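What you are looking at is a predicted structure, and each value in this text was computed from that prediction instead of being measured. The analysis underlying the following values was restricted to heavy atoms, covering all of them including side chains, and did not include hydrogens, waters or symmetry mates. All residue numbers refer to positions in the sequence shown, counting from 1.
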Amino acid sequence: MRSTIFMFFLLSLVFPHCMFHQPLIFVNGDMKLIQETCKNTKYYDLCVSSLKTNATSTKTDTKGLALIMIGVGMANATATSSYLSSQLLSTTPNDPTMKKVLRECADKYGYASNALQDSVQDLATESYDYAYMHVMGASDYPNACRNAFRRYPGLAYPSELARREDGLKHICDVVLGMIDHLGNL
């Protein structure tokens, strides 16, 4: 129950327009902190575009920006896990190998979301090394999914899954850059 409330709170910070039926707002306020923070990341454009759609991003500090990006990563991992679960339901019953791999991949993306959630707690206690470790772990779970497909030569790695994998890895890279910056403040 506590984790459900925490998740709702975090998602309401990251996606207030979805949680409270508000229109999507692009923030036009002072973007200086967002731009300075995003300069410390590997994917500046992804960082800025993700943060500027969140109304709270111009009213927070660097740690708050990192938390917003972690929420974006959690949403990505959760959506990918759900996508894989839906693919599992639509897979033909006579393909047990594909079902097994899809189930494993759905679990891996769920673990990625959990690792990102753990990083939120680490940031709250300013345990930046542990936060970094959890985000690195979240970034690596998609590799385990790709490797699951490689174990079965007849299975092709779906292009949609490759796109989602890259998205999560890029988001995690942005968060890692932010955590590095926080550790140096």
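- Shown here are the ring-ring contact (aromatic ring centres under 6.0 Å, His included) partners of Y141, two or more places apart in sequence or in another chain: Y111.
- The backbone N or O of Y44 sits nowhere less than 3.5 Å from a side-chain atom of K39 that would complete a donor-acceptor pair.
- In this structure, the side chain of S85 engages the main chain of S81 through a donor-acceptor pair within 3.5 Å.
- Under the 3.5 Å distance criterion, the side-chain polar atoms of K99 are matched with a main-chain donor or acceptor of L88.
- A donor-acceptor pair is defined here as one N or O able to donate and one able to accept, closer than 3.5 Å; no such pair exists between the side chain of S113 and the backbone of G110.
- No hydrogens or angles considered: nothing links the side chains of N143 and K108 as a donor-acceptor pair under 3.5 Å.
- Applying the side-chain hydrogen bond (donor to acceptor under 3.5 Å, both in side chains) test to pairs two or more places apart or on separate chains, those with a residue in residues 149-158 are K100-Y152, E104-R151, N147-R150, Y157-E165.
- Of the candidates L176, D173, I179, L176 is the only one forming a side-chain contact (heavy atoms from CB on, under 4.5 Å) with M136.
- Among all heavy-atom pairs drawn from I70 and S119, the shortest one is CD1-OG, 3.4 Å.
- No donor-acceptor pair closer than 3.5 Å links the side chain of S139 to the backbone N or O of V135.
- Not counting sequence neighbours, the partners of S127 by the side chain to side chain donor-acceptor pair (under 3.5 Å) test are T125.
- In this structure, S57 contributes its side chain and L51 its backbone to a donor-acceptor pair below 3.5 Å.
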